[in-house]
Amino acid sequence: MAQPSSSAGGTGDTGGNRRFVYVIASVAALGGLLFGYDTGVISGALLFINQDFQLNAFLEGFIVSSLLLGAMVGAGVSGALSDRLGRRTIILVAAIIFGVGAVGAGLAPTIWVLIVFRFMLGLGVGAASALVPSYISESAPTDVRGSLSSLFQLAITLGILLAYLINGVFATADSWRWPLGLALIPAVVLFVGMYFLPETPRWLVSKNREEEARRVLSHSRSSEEVEREIGEIRAVEQEEEDQVGYRELFAPWVRPMIVVGVGLAVFQQLVGINTVIYYAPTIIQSTGLENVASVLSTIGIGVVNVLMTVVAILIVDRVGRKPLLLVGLAGMVVSLLVIGGAFLLPGLSGIISWVTLVGLMLYVASFAVSFGPLLWVMLPEIFPVRARGAGTGLSSLSNWGANFVVAQAFLPLVAITGRTTVFWGLGVICVLAGLFIYFVVPETRGRSLEDIESDLREGATTG
Ligand code: BGC
């Protein structure tokens, strides 16, 4: 594998060029664009796949969930692999998987071939979710780490919106192959971009490649900052036991971090975001709106999702992670009460549609400014460098597992208990998530990854 050029984006001796870390974060965030696009594209494409292949409910569900199953495997395997082989190397492999998956799914001659390639795309999506946040976080200076890591979520939301729009464009051509196949383009850009970017300084130090780490840091830090950061990374390194990968996760001092990581990851799905992202048209249609209006509303939801993620990027390093999470969850509780309540309004279907739509927008806005980006910002922050890949991998795997459960359970639960119970139930889960964050999750804003690690380690030994 080619070593990245040591001058790429660098500023020579002077260092301190922040542009380089933005380039790093933006290229890596393309993994998020593919995550969002590949998960978002299928709901619209399904209508036309149905015309070509005559699906039954089982096959339809399987086309959607094969990607989620692949993502669980991808997240689980890639994290630990990246602790051994490097974040960049595995992201490059993921980019190849994304590319082959896109072409294979777009050309699939039978439904089972399509399912196999959707599973393959899932491997890429899972790997991206486990690795890109660590790659960005480990490359970022502390004071802008939150904003940079949030670029991953911004890319996810842009990917979802792009998928909604491209589905809209190709809907008239009755084609599903183009929307699936076009994901090849960002996959190629991701591969080429990552090829020229370096490994993260933290991973390099963990492999005793300090000189390379120094070179990478000097692209975006002054020489004084480089030495300070190397010193901090090394100090924490020496405290870590000499194990890597999943074994490390069972060490007693890593356990509190697993509780925080897996807890955040599972709650991010149990609050129900993908009932809206995957089923928005179904929910809106069920209030009596026409097809076209419900497709337009879905695009509106996609736009709100992107815009509020931008707001999060602007404020996350100033207001702190926990306050933002708690405010977002409060907004979600209010909107879920509104949506659940709307279905109790008697007969006036016009009003129900609008109240539901406003509730859904408020709900997505509250998620997008908080839990959406913050899960991916915080996961790499709370794991020690040697177990970071395995830790974020295990957490991402739990995130995809919970995503799968919610996606499968939503429609049957609505049929059994009714819409109001389901949305109010999601509100109760948001309250539980708030309690978990308030009492269990540490604040990570403004602290170096090394500081956070030392604190979590102390917490584990003292209490
Ligand atoms: C979640 C996805 C969700 C997306 C919505 C991500 O952070 O992990 O499951 O579809 O946000 O924007």
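Just so you know, these numbers use all the heavy atoms, side chains as well, and skip hydrogens, waters and symmetry mates. Just so you know, ligand 1 is whichever comes first in the structure, and atom 1 is the first atom listed for that ligand.
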Under a 4.0 Å N-O cut-off, is there an ion pair linking Glu381 with Arg447? no
Centroid-centroid under 6.0 Å between Phe58 and Phe62 rings: yes
Would Trp376 count as a contact of ligand 1 if the rule is a heavy atom under 4.0 Å away? yes
Classify the ring geometry between Trp400 and Phe35 as parallel (under 30°), tilted (30 to 60°) or perpendicular (over 60°). tilted
Quick one about Ser134 and Arg87 (side-chain donor to acceptor, distance below 3.5 Å, no hydrogens or angles considered), yes or no? no
Is there a heavy atom of Phe367 sitting under 4.0 angstrom from any atom of ligand 1? yes
Closest protein heavy atom (residue, atom, distance) for atom 3 (C) of ligand 1: Asn274 OD1, 3.4 Å
Just to confirm my output: which protein heavy-atom neighbour is closest to atom 8 (O) of ligand 1, and how far is it? Gln268 OE1, 2.9 Å
Which of the ligand 1 atoms, numbered from 1, are nearer than 4.0 Å to a heavy atom of Gln269: 1 (C), 2 (C), 8 (O), 9 (O)
Heavy-atom proximity to atom 5 (C) of ligand 1, picking from Val125, Thr157, Ile160, points to Ile160
Salt-bridge criterion met for Arg388 and Glu138 (N-O under 4.0 Å): yes
Distance check, rounded to the nearest 0.5 Å: Phe170 atom CZ versus Leu182 atom CG? 5.5 Å
Is the backbone N or O of Phe196 less than 3.5 Å from a side-chain atom of Arg88, with the two atoms forming a donor-acceptor pair by type? no
For atom 6 (C) of ligand 1, the closest protein heavy atom turns out to be Gln153 OE1, 3.4 Å
Gly372 heavy atoms within 4.0 Å reach ligand 1 at atoms 7 (O)
Please list the nearest protein heavy atom to atom 12 (O) of ligand 1 with its residue and the distance rounded to 0.1 Å. Asn305 ND2, 3.0 Å
